[in-house]
Amino acid sequence: MGHDFRSRACYLKTIMTAPSDTAAADKPATHPDRKPHLYLVDGSAYIFRAYHRLPPLTNPEGTPVGAVYGYTTMLWKLAQDLDDAEGPTHLAVILDKASQSFRHDLYPEYKANRPPPPEDLRPQFPLIRDATRAFSLPVIEEEMLEADDLIASYARAATRKGWDVTIVSSDKDLMQLVGTCTDPDDGVEPGCVDMLDTMKNARIEIPEVVEKFGVPPEKLGDVLALMGDSVDNIPGVRGIGPKTAEKLINEYGDLESVLNAAPEMKKSKMRENLIEHAEMARLSRQLVQLKEDCDLPMPLEKFALDGIPKEPLADFLSTHGFTSLLKRLGAGAGSPSRPNDLNPAKPQNAAADAGTRQSLPEWPAVDLDSYECVTTLDRLDAWIERAFAAHAVAVDTETSSLDSMQAEMAGISLALGPNDACYIPLAHGSDDMFAEKPEQVPVAEALARLKPLFESDAVLKIGQNIKYDLTVLNRVGITVAPVEDTMILSFDLDAGRGGGGIGQAHGMDSLAETHLGHTTMTFKDICGTGKKAIPFSAVPLDKATQYAAEDADVTWRLWKILRQRLADEGGTRIYENVDRPLIPVIAMMERNGIKVDREHLARLSAEFAEQIASLEAEVHEMAGETFSIGSPKQLGDILFDKMGLKGGKKGKSGQFSTDQTVLEKLAGEGVPMANKVLEWRGLSKLRSTYTEALQQAINPETGRVHTSYSLVGAQTGRLSSTDPNLQNIPIRTETGRQIREAFVAEPGNVLLAADYSQIELRLAAHMADVPPLKEAFANGEDIHARTAQEMYGEVTRDTRAQAKTINFAILYGISRWGLAGRLGTDADEAQAVIDRYFERFPGIQKYIVHTLEKVRETGYSETLFGRKTHFRNINSKNPNERQGAERAAINAPIQGTSADIIKRAMVRMMPALHEAGLDNVKMLLQVHDELVFELPEGDVDAARPVIERVMAEAALPSVELSVPLGIEIGTGHSWGAAH
DNA sequence: CAAATCACG
DNA sequence: GACGTACGTGATTTGC
């Protein structure tokens with residue numbers, strides 16, 4: 001074989017940084033030997049998606065052409081693929097021209113809910129036709145026929161002739177056609193239909209349809225009919241969504257059987273709905289049925305791809321300023337990989353800047369004077385009645401604190417549409433006993449009226465970070481459900497796209513700015529800041545109404561926009577199955593809190609303080625002067641200037657680095673002061689961050705500590721924890737571990753800690769398909785030992801440690817220098833280790849290559865459950881930025897999938913425990929791969945297997961892993977003892 | 001308000 | 001051959 005490790009390394013490096021376009025130019029046009037393969041491009045659907053994904057580019061004349069650009073590159077790529085065995089021999093673009101179709105005769109409301117196309121997309125429709133003609137490709141469009149029906153008819157006609165067909169679309173209605181293999185005319189090999197989603201670069205075949213809908217394509221029509229579709233306004237059956245529809249069809253076989261069986265079902269809301277809406281279901285079935293026998297406006301043979309004449313295409317490209325495409329055309333280069341044409345506002349990567357587009361739905365501008373201040377019961381009742389009728393209401397509570405466990409409610413705002421919002425003040429003026437209290441609906445009465453609305457299954461409650469409102473309202477006895485959250489919608493669509501601070505990226509102010517072009521009033525505008533800040537309940541009602549109702553209005557508008565995008569861009573899976581159902585679960589965990597032993601912490605604090613003081617004295621004596629040890633600046637000056645030790649300066653600030661690695665090195669060289677400083681630092685950290693701060697965090701009412709989890713805190717989909725952060729409580733050192741002893745169960749209860757063992761490595765073994773690692777996990781082996789065995793042929797303490805280091809290095813995206821630093825070797829030797837690893841586990845190298853290729857092309861990575869993380873620097877010209885993005889992109893699918901899995905476990909946990917009769921088990925904390933519960937001592941034996949099963953099976957049924965998920969469980973009176 | 005440091009997975 | 005020295009977080013302290 002003669003492997004050359006060095007050249008392999010170079011290969012990896014190249015693929016990690018080079019642009020990915022490799023396609024050759026001007027391909028031979030015809031393939032007489034090949035079985036005909038017809039590509040039918042669903043042009044209308046494509047440009048809607050391209051519009052949302054691409055930045056608001058304009059051509060030299062100022063016409064918006066972002067979607068046209070996306071469309072052009074897509075066609076280019078398809079037309080270039082004709083060499084592929086899977087590529088097209090025939091191609092046509094189908095456009096939706098129909099304003100009316102037979103479906104409107106069946107159901108006048110069909111597509112009635114569809115908003116008009118965005119303002120700056122409209123002028124692009126005719127350009128799409130121009131673009132298609134520029135490629136000399138046929139455009140098919142017919143009055144009274146929808147694109148779907150034309151596509152179905154052409155697909156049928158082609159398969160009948162024995163052609164294969166690929167439908168370029170991701171429309172779910174068209175998925176009904178997937179796998180259709182019509183009997184051919186006279187003994188020719190049958191043709192088959194699949195779909196291609198060019199944005200995700202994914203083929204959709206029968207298994208993908210089954211994955212998405214739980215039924216094969218021939219039954220998809222029945223499922224779609226039951227679940228309905230809000231975009232096309234297909235009614236379906238009220239209360240039945242995709243999951244229920246899937247279950248029913250799988251149970252009874254088809255729609256008619258479901259409807260016929262309904263009267264025999266056990267009494268439930270669903271049964272009533274099935275009976276009541278049976279006719280609507282039948283009508284829906286007709287609406288989703290594709291018409292496969294349309295007259296074909298142009299015969300199939302005319303679709304043959306015959307090469308693309310350059311001149312008309314060049315004309316088109318130059319007219320619209322697509323200069324880099326033009327260059328490629330001239331140079332005869334292949335498909336474009338990076339849209340850096342035109343006058344992009346700033347983005348280098350088109351995908352990176354979507355979501356900042358300019359156009360708005362046709363809504364009136366936000367009008368602060370349009371809002372109503374509700375001060376009477378009659379007016380409140382009127383709003384509640386309208387909210388019931390609307391089935392969706394944006395809600396925002398105004399309070400006295402950011403801590404939802406301590407906040408006092410000042411008022412509630414509602415919105416039912418643009419500029420259709422109100423504020424209901426409840427506790428204004430109560431802070432100042434001398435001020436005159438404005439007229440308001442009495443709190444108790446108002447809450448009693450709002451409760452049925454907020455608890456109604458039939459009305460969606462929409463919020464921006466609604467977890468907060470859930471807790472505030474829960475504390476006054478209202479259990480809000482079902483909910484929608486615009487912050488989480490934004491996160492599921494745009495994680496990683498945000499410019500500045502992570503927390504701000506999905507904040508309301510920034511969302512209003514990007515999606516609505518609207519600048520909201522800020523809290524500090526009306527309440528002030530710092531010492532002069534006043535509570536919201538002290539704000540005069542007119543101002544308060546403007547501020548509060550505006551938030552609800554904006555939230556409602558954002559919901560409309562983001563919901564639409566979610567469907568268009570494929571975010572529904574992660575939002576509906578994982579993040580949205582998690583909201584109430586997290587809210588519950590936060591409310592549960594965890595008991596902390598204040599005396600234990602105080603005792604530790606005192607001990608630490610004593611040791612800190614004596615260490616401080618020693619250090620000062622060694623230094624010969626007193627100084628602030630906590631100041632890296634002063635410490636650096638002492639160590640490196642005064643004592644003359646060698647050590648490097650840090651680039652930007654020109655300051656000496658004195659961090660752990662530097663001090664440890666000095667200690668190793670025999671500088672006793674370094675050790676003392678390290679000890680001092682460790683204890684100071686523990687004291688200030690933990691033993692002191694945690695005492696402050698104990699809620700006076702509950703006597704417990706209630707963290708706040710952010711669902712949008714980490715780009716990969718992990719949770720983050722703040723106020724206090726309970727995800728970084730010490731465990732790695734003995735001293736630190738004592739702090740965990742302070743987290744305790746109530747008397748009679750115990751804490752139970754359950755964690756996924758090596759979940760990220762297991763996922764890497766699965767996702768990269770590494771047989772020896774999968775085998776090791778299946779057998780319950782020590783994974784690092786197995787790695788050492790594979791790489792070095794023997795397991796010693798050294799080889800195992802090295803194997804462990806590289807296993808983690810792989811998860812994080814590797815560089816030879818980084819690994820060298822960790823292994824204590826030089827870069828050459830580290831490179832040899834990397835090469836050896838890739839040689840033994842070639843799947844890992846392939847995974848890295850494929851992941852990066854995909855991210856470069858699309859701008860985002862995806863987890864096994866469809867969570868996207870965007871990387872705006874993935875094609876950056878700055879090597880630092882780019883390589884940083886590459887490392888993050890390698891890690892994100894693994895870390896993110898792990899996050900998805902534990903979130904799924906959390907969503908299922910309480911129902912599973914309830915089913916097992918374990919209603920006294922409380923879920924308290926999540927620490928990335930660990931869940932902490934509190935439960936009566938007597939319930940441990942019963943709860944343990946339930947918790948283990950839910951966690952181990954959390955990926956199912958959506959994803960079937962090829963490795964088992966190992967769970968380790970411990971119990972004890974304290975969190976420390978439960979490990 | 002940014003930088004440096006260090007706690008966790 | 002240079003680049004910089006692993007992924008993802010949050011809290012505290014110092015010092016401008």
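Numbers restart at 1 for each chain; the letters A, B, ... are given by sequence-line order, proteins then strands. Just so it is clear, the structure is predicted and the values come from calculations on it, not from any experiment.
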Original post:
Taking only side-chain nitrogens and oxygens of R822(A), does any of them come within less than 4.0 Å of OP1 or OP2 of dA6(C)?
Top reply: yes
Original post:
dG9(B) C1' sits how many Å from I901(A) CD1, rounded?
Top reply: 15 Å
Subject >> Of the listed nucleotides dG8(C), dA7(B), dA6(C), the one nearest the side chain of Q895(A) >> reply: dG8(C)
Original post:
Pairing of DNA chain C as dot-bracket, 5' to 3': ( ) intra-strand, [ ] crossing, | other strand, . unpaired, with Watson-Crick or G-U pairs under 3.5 Å?
Top reply: ......|||||||||.
**OP:** Let me know, please, whether S631(A) or G818(A) comes out on the 5' side of the other along DNA chain C by nearest nucleotide.
**Re:** G818(A)
**OP:** Please list, chain by chain and in numerical order, all residues satisfying side-chain hydrogen bond (donor to acceptor under 3.5 Å, both in side chains) with Y847(A), sequence neighbours excluded.
**Re:** none
**OP:** Report the distance from atom CG of D723(A) to atom P of dT9(C), rounded to the nearest whole Å.
**Re:** 17 Å
**OP:** State which residues pass side-chain hydrogen bond (donor to acceptor under 3.5 Å, both in side chains) with E790(A); sequence neighbours excluded, sorted by chain then number.
**Re:** R786(A), R840(A)
Subject >> Nucleotide nearest T722(A) (side chain, heavy atoms from C-beta), chosen from dC7(C), dA11(C), dA6(C) >> reply: dA11(C)
Original post:
Taking only residues two or more places apart in sequence or in another chain, which ones pass salt bridge (Lys or Arg N to Asp or Glu O under 4.0 Å) with E930(A)?
Top reply: none
Original post:
Which residues satisfy the side-chain hydrogen bond (donor to acceptor under 3.5 Å, both in side chains) test with S974(A), sequence neighbours excluded?
Top reply: E741(A)
Original post:
Is a side-chain N or O of R687(A) found less than 3.5 angstrom from the main chain of E692(A), in a donor-acceptor match?
Top reply: no
**OP:** Sequence neighbours left out, what passes salt bridge (Lys or Arg N to Asp or Glu O under 4.0 Å) with R867(A)? Give chain and number order.
**Re:** D492(A), D579(A), D900(A)
**OP:** Report the nucleotide, chosen from dC3(C), dG8(C), dG9(B), that has the shortest atom-to-atom distance to any side-chain atom of T716(A).
**Re:** dG8(C)
Subject >> Set of salt bridge (Lys or Arg N to Asp or Glu O under 4.0 Å) partners for D769(A), sequence neighbours left out >> reply: K774(A)
**OP:** Any chance you could measure E862(A), atom CD, to T897(A), atom OG1, to the nearest 0.5 Å?
**Re:** 10.0 Å
**OP:** Indicate whether OP1 or OP2 belonging to dA7(B) is found under 4.0 Å from a side-chain N or O atom of Q660(A).
**Re:** yes
Subject >> DNA chain B-proximal residues of residues 725-736 of chain A, any heavy atom under 4.0 Å >> reply: Q727(A), N728(A), I729(A), P730(A), I731(A), R732(A)
**OP:** Sequence neighbours left out, what passes side-chain contact (heavy atoms from CB on, under 4.5 Å) with A667(A)? Give chain and number order.
**Re:** A674(A), N675(A)
Original post:
Mapping E760(A) and P632(A) onto DNA chain C by nearest heavy atom, which one lands closer to the 5' end?
Top reply: E760(A)
**OP:** Under the side-chain hydrogen bond (donor to acceptor under 3.5 Å, both in side chains) rule, collect the residues that match up with D723(A), sequence neighbours excluded.
**Re:** none
Original post:
For R740(A), what residues pass the salt bridge (Lys or Arg N to Asp or Glu O under 4.0 Å) criterion, not counting sequence neighbours?
Top reply: none
Original post:
Under a 4.0 Å heavy-atom cut-off, which of residues 674-689 of chain A touch DNA chain B?
Top reply: R681(A), K685(A)
Original post:
Should R718(A) be listed as having a side-chain N or O under 4.0 Å from OP1 or OP2 of dT9(C)?
Top reply: no
